[in-house]
Structures are given as structure tokens and as C-alpha cells.
Amino acid sequence: MTLLLKSLAILLVAATLSSANAEMILIKNAKVYTQTSAGNLENTDVLIEDGLIRNIGEDLSADDARVINAKGKVVTPGIFALMNQIGLVEVSAVEGTNDTATETEVLGASFSVDEVFNPESTLVPMNRAGGVTRTLIKPYNGNSLFAGLGSIMDLAGDYDPLIVSDVAVFAIYGEHAASMSGGSRAAALQYFNRAFSQAKEFSENSDAIKSGDYRELDLSMGDLETLSRVLDQDIPLVVNVNRANDILAVVDMAKKHNIKLVLAGAAEAWKVAEQLATADVAVIIDPMDNIPSFESLGKRYDNAALLTKAGVDVMFSSETHNAQNVRYAAGNAVAYGMPYDKALAAMTSTPAKVFGGASNYGKLMPGFKAELVIWSGDPLEVTTYAESVIIDGKLTDSDTRAKRLERRYKDISNDQNTFYRK
Amino acid sequence: MTIKQFSKSFLAAFTGAAFLVGCGEDEPSVHPKDSDSQAFVSQYKAHSYHPVLIKNATILTATGEQIENGSVLLADGEIVEVGTDIDEPSDDNLEVIDAKGKWVTPGIIDVHSHLGVYPAPGVESSADGNEMTAPVTADVWAEHSVWPQDPQFQLALAGGVTSMQILPGSANLVGGRGVTLKNVVGRSVMDMKFPGAPYGLKMACGENPKRVYGGKGQAPMTRMGNVAGYRKSWIDAKEYMKSWDEYEAGMGNGKPPKRDLRLESLAGVLRGEILIQNHCYRADEMMVMMEIAKEFDFKVTTFHHAVESYKIADKLAENGVCSAMWSDWWGFKQEAYDMVPSNVALVDKAGACAVVHSDSATVIQHLNKEAAKAMASGNRLGMDITPAHAIKWITINAAKAIGVDEQTGSLEEGKMADVVLWDGNPFSVYTKAEKVFIDGALMYDRNNQFKQPVSDFGLTNMNQQ
């Protein structure tokens, strides 16, 4: 499809959507965790119209609105899941269903996966029914220390899932990067330095390079173009790294090339929290992981708490098939000292700030996107579930393949032969 | 080298496979041919400790009761009394713990763990869980791979885990014997072995064995190849058992048959001493495994992972087979595609033995919350499952699934004093185990760093207080 045709198609889809958005929803008497300076509001109403939050306050009314009684329920922004492969994989071990990595030598930093996101994957409704409304998908490293580009997708399940394309470049450093670089971290570090130096050369000599009047560079044109966006601080570089001194090495490397850096993994980040705060480096951690390895001997459950205390922006990574479980991980971070509102922000407003979309998503306030979840109770609690998930101002379908299976088999023992119905 | 996105759960699933093995080592052997009883005997000694009275607690007994403002008295390694009206014994050594606002449960039991056989750090040279050299390795014993200095044991302890079954991986049709351990530090695995616990024999259905061996161009390459492999082994085991029985009965030439470690384990199952712990995801395959058990007259004690148990919950109840399940893992491979989060609750509702297991060094630290998730999923389907009931999934039912329910798994007089004091409702994400008692001795105290064991590997971390 040509770019023009594609834009036309998007316009058409947008037109269809906006007519559907005319529906109004009024959520009554909820606890609303706004993620704004207004804080957490009791007995509060949220009015949704045309895909946006129109109003938040007490005793709101709207004649034509569909009313949801949310007494005792909690409303939060939808979960912004990070660093998973939703839409890129159905069954991990079944190769044909798995588009998460490439072994191709020529694709590194510029490997982009947003166009293969399958909105009809069963993982989309599964995670959406669990409260995930958007996700930052990223590929896995194939043969390059650069995994490629990440993009923000919505989980509405339609053919227009892209929110923002190519928001960050993902890379790895540490043990695994060393083994991919011939056996030493030092070689991996040299590779990064060379890649960014050449990206700078590319920026400064792009005409000559494109016309072939320049020496051949090591990276492909696409990778150089992508890395020059990183050098322009147009998009951040997200590096998966765990050992404290490895983290410092990456921070130095980023500083040297004037790169906007985000850390992932970051098991020992708490040890260098002050340095990260000073360098304004945000981190994406897994608050459920405390299993030590040689590159993460200092891994501990209060990593999130210690980093937050030092003023570092903390976010949480998520698993692909159960990205919604990030809220339990957030609960674990709270159990080990992270302030509650920071833990909620870590999966809503903080990633919106770091990766884009902060101007219309991640907080509950008038004018922002109506992308939110009504929870049966405390959203970080293991016995709570998402009752209603609203994306673009519309209630989404809460059915999942698992629920279909449940309906089929829940009374099997007294209804032996009638369960094979859709 | 590539990183695949599924590496973590995929590996876990790959290594996880269960069979039951039972063979009471500390009892005199009834079968003179099974001279195992002389070697690798449990050397576990309960730590001596003063009597402890925990009072004003909310107590989940795992017998179905929730007692408010209750007390538990522990002495000499045993639970002496549980209830609301316990007289404080006059003993100068008695420690009284006021547990107002806190909860007490039996120690958590994980029936599916690879701690010690896949220790941290996860280096290849210590990965000792899968003897992937032949489809039937009933001769190998997980305990001979267990590294007692695995720091993951202490992480599990901080999660309230007092006992666990360590299993070989699931690469093989028969992967070898599993062993049940008390979660205590020891210089050898014998120091950790749960006294009197039967062995488990790990078997695996489905994808793993056929991938591992089919990939090498050898049998099994298909599920039908898997089944042929199991049946051939049981035929051999029957013969072996018969030859020993005949020898014992004074028949033949009077010479004992030659010991065969592989067949000894299988014959132990046929004699009912060793419990089958069977990694099996799909309902149809579990049905086939129960047929094989019928054919050769043994019992499958527990299906592990059992992602599709909800489809045959009635049959599992009928056959008295336990299912050890996750709350919500799915999608890492084809046979894990049909997960429902109400699996545990549906199995339980059908009257079958339901267990929540981990197969993970991380999940083992949070089994209380996994049980809570499973409980909530059942209640969403309209069931009315209480914490008093759901606690059984990680305590007494787990004990049953590995054959130690006479000794532990519930708060009842005379049982081992394996007890957890939680700082709140254990079915909350915010709750942590505060004190963990094993056989009445305080083995972990969250508020006292001198009561937090550290493995030898734990000393590696030079820059952390």
C-alpha cells in the first residue's frame, strides 16, 4: 500500500471510530486514582464522551449516558505494559506464530515490529480483560546487540492498533552481550561506541554516504539512520543491563554520545541510584525477580523502593502472555517499600512520560483519553480483577478464549455430552 | 546465539515434569533386593527449640477452619494444641508471641521444585536437573544433583515454604526419582531429607520427551512413541519384580537377581512404595496415563502442570489423582494453550485433589498469592471459596500429593510444627511471612537478620549489608 493510500485508510477508520465514540459513559461513585495533583478521589464520577474524559467530579449527570455504578470500585488509567511481545507471538515455542526476533545480520537497531502486530491474537483480549490498554512491544535480540525498535500499540483489537511507532531503540549489555560479542563486555562496549561514532558520521555526511561517495560503514543504512535518531535525542536508547558497574559503564557511554538513556533489568540499579537520579536515567525493572546470578548478586525486592526514594523514575516490565500480572508485581514492590502511587504510576503515567503519549494518556483528567479500568477493588491486590476496560471511550469486550473454555467445561461433570458448543 | 522471548517460562516448563517416587528409606526394607534402604538415609534432625505459644492470631488450620483470636502451641517439634481456649503452660522457657492482626498457617509445601538441581547462579556447570541421555532414566535420583548451598532455598523459606519435592526435569519419559526435603540448611542433601517421605518418580507426557529424543532421530518422536516407551518400561519392571518375588519365595536357583537401578525405581512404583509424579498438560494424555496405570496396576499420585485438568476433573476425582497446577501460566508451548485461571478451583469443585505448585524459584516464594489468584478466579465463576479452604491447595493437599500428609500440612495435634506466622492475611499481595517454624524451631525471622540463613553462595555478595 502506498503511503497515501495508507493514510486514507487510516482516515476512514478514524471516521468510523469517531461516530462510534459518540457514546457517553458515566461512571458513578468510584474511587478515582487520578495520577494528578488531585490525588485519589472518593465517591467521584467520571464522564466520558467522544473518546475523552469530559469531566471528573461529584454528582455528575448526563442524560444519554450509559451509567456504570462503581460504588466501592477503583478507577485507574489503563495499564501501560512494557517490553513484551503481545501481538507478535501466539504460542512461544511454535515458530510459525512467533515474530519476535530475526537472525538476519543486516537488521539491528532498525528492526521494527509494529506492522506485524496481530490484533486478533488471543493475547490481546486476554491482556485487555486483565486491564492492559496499551503496550510497548519490542523485538528480541537476534544476532545484534541492538534488538531493534519498540512501538506503542493499543489493545482495542482493531486493525489500527498503532499508537506511536518506533519510540525507542532496545539493546543489551552485560553477560549476554559479551557472549554475543566474542566473549568480553569490553568488546560489546567497543561495538556500541563504534556504532554511535559511525551514526554520527552518517548524520554529518549522509548525502555523501547515500550517493556512495564515502567509505563503507559497518552498519546498514537503516541502522545508522535509526541510531542517528538516538543521537538526536529524538528517541531514547533502552539498555538491558544488571551489574552495578555495567550500569555505570552504560551511563558513561550514553553521556559520551549525548544519548537519552533508559535502563531495563537494572537488578543492581539500587547500588547506583544516586548516579541514575543525577543523570536523569529512568529504569524498567521486574519487581518479582530476586534470583541472584553472577551479574546480579545484589538483586533484591526493594530495588524499586530504593530507586524511587533516590528520585529515579521506575517502571515495570511485563510478561507477554500475562502482561496484566504486572499489577501484582507492582503490589510486591509496594510490599517491599515502594510508595503506592509511584507503583501505580510505574505502569501508567511514568511510561507515558518516558516513551510518549503523556499529553493525553496516563492520568485521569478532563481532556485526556478515556482509556481506563474499573477494578473490583485495589488494582494491585491479587484477589481483585478488572470489571470494565475502556479504550478510546468505549467499553471493550471482556471475553477471552480462556473464558470460553471455562464456560464449556465448568459444569462438565453433570453435563457430559453437551459441552461442545461454541 | 539468540535470546528467545520464551526462554524463561519455556525453560521452566521444560525442566518441570513430575512423577511420583516413593520408597521409605528410613524404614527397614521389606524387600531385601531393594538395598537402597542402607544408603542416602535421611540425616535430618529437627533443631531443638523452646516451646512457643502464638496467640491472638487468625489461624487457617488447613482442615477447613478459620479461627479468630486463636492460639497455637508448639513444643518438642510438634503441634501441641490449636484453638481459642489454650491454657498458657507454665514453662520458664515458653516464648509467647502476640500475633494480633497476624495470621498463622501451616508451612507452605511446594510439590514441584527444582531448587538445588537448577540452582542459582544459573550456570551451565551447575544445571543438573535433566539426564537427557535416554528416554527412561528411572535410575537417577534428583537428590544426587541437589546442591544444598543453593541460595534459592532461603528465598523460598522467606516465602513460608517449609517442605518441597525436588524433581528431575521433564526431558525424559521417566526422568528419575524426586526427593522431598525440609527447607533447612545442611551440608549434605541427607541433612535435608524429609524423614519417612516416600520417593516420587518423575514421568513426563507430551512435547518434551518427543522433542528431545525425536530431535535426535530416536524414539520417542511422537506421543504414540511416548506411550510405547512407558509401557515397555512397565513390562520390564513387572518381570524384574517377579524375579525378585520368586527369589524371595525360595524359588529358582537361590541366587538373587542382579540389581538394576532403573527397574528398582519402577518396581518400587508397582509395589506402591514410590509415588508417580507425572508432568502432563493435556487432558487426553492424562486419561491415557491413567489407562497405563490400570494396565500395569499402579497408581498415578499426581499430575503436574495439569493445565487441562479442568476438562477431566470428574475423572481425576474418580481415580483419586491429585493435580498440581499454576494459577495462570500459559502459551509458552502448544500443550499449555488451553489454560483457564479457574483450573484449580474447578478441579477442587469436582472433588479432586487440587494443589498449587511453582516449578519456579520465583513463584515458590509467592505460593500464597498464587493460591489467592486461583481462589479469586473460582469466585468470579460464582463459587464461594474461602481462605480457610484455599489454604489447603498449598498445604495439606500438597502434602497428600507427595505422601507426607500424615506428618505435616495442617495444624493438628501431633503433627510436625511446620508453621508460618504472616504479617497479615496471606491471601493479600502485601502480606509477608514474618516467622517460619520448621519442626517447632524458628528457622526464619524477617525482623531479625541473625535468624535469616545465608548459603555459602550468599557470601559471594561482598558489597551488601
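Quick note on labels: first sequence line is chain A, next is B, and so on, each numbered from 1.
Not counting sequence neighbours, the partners of D378(A) by the side chain to side chain donor-acceptor pair (under 3.5 Å) test are Y340(A), Y430(B).
Contact count versus chain B (heavy atoms, under 4.5 Å) is highest, among I291(A), V94(A), T384(A), for I291(A). Considering only heavy-atom pairs separated by less than 4.5 Å from chain B, the leading option among A244(A), S376(A), A402(A), S296(A) is A402(A). For the set A120(B), G331(B), A372(B), A361(B), the entry with the most heavy-atom pairs within less than 4.5 Å of chain A is G331(B). Listed options P292(A), S293(A), A147(A) were ranked by heavy-atom pairs under 4.5 angstrom with chain B; first place goes to P292(A). Put simply, of N343(B), D328(B), V363(B), D423(B), the one with the most heavy-atom pairs under 4.5 Å next to chain A is D328(B).
With contacts defined as side-chain heavy-atom distances shorter than 4.5 Å, the pair L297(A)/F457(B) qualifies.
With hydrogens and angles disregarded, a donor-acceptor distance shorter than 3.5 Å links the side chain of R401(A) to the backbone of Y337(B). Between the side chain of E381(A) and the backbone N or O of V429(B) there is at least one donor-acceptor pair closer than 3.5 Å.
With rounding to the nearest 0.5 Å, the separation of CG in N379(B) from OG1 in T383(A) is 9.5 Å. Taking CD of E319(A) as the start and CH2 of W329(B) as the end, the distance is 7.5 Å to the nearest 0.5 Å. To the nearest 0.5 angstrom, M288(A) atom CE is 9.0 Å from S360(B) atom OG. Rounding to the nearest 0.5 angstrom, the gap separating the NZ atom in K403(A) from the CG atom in L381(B) is 9.5 Å.
For M339(B), the parts lying near chain A are the backbone and the side chain together; criterion is any non-hydrogen pair under 4.5 Å. Both the backbone and the side chain of Y328(A) come within contact range of chain B, judged by heavy atoms closer than 4.5 Å. Using a 4.5 Å cut-off between heavy atoms, V123(B) contacts chain A through its side chain alone, with no backbone atom that close. Both the backbone and the side chain of E90(A) come within less than 4.5 Å of a heavy atom of chain B. Within the 4.5 angstrom heavy-atom criterion, no atom of A313(B) approaches chain A.
A side-chain hydrogen bond (donor to acceptor under 3.5 Å, both in side chains) with N332(A) holds for exactly one of Q365(B), K369(B), K432(B); it is K369(B).
Of the N and O atoms on the side chains of N322(A) and W330(B), at least one donor lies less than 3.5 Å from an acceptor on the other residue. Y310(B) and E406(A) form no side-chain donor-acceptor contact under 3.5 Å, judged by distance and modelled atom types alone.
Nearest approach of V91(A) to K333(B), heavy atoms of both residues: CG1-C, 3.2 Å.
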- Message: If you apply the rule salt bridge (Lys or Arg N to Asp or Glu O under 4.0 Å), what do you find for K349(B) with D411(A), and how did you get there?
- Response: CA-CA 10 Å; K349(B) 184 185 158 206; D411(A) 299 316; 3.6 Å; yes

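By the 6.0 Å contact criterion, NZ on K342(A) is open, its count of non-hydrogen atoms from other residues, nucleotides or ligands being 12 or less.
The interface of residues 150-161 of chain B with chain A, defined by heavy-atom distances below 4.5 Å, comprises P151(B), Q152(B), L155(B).
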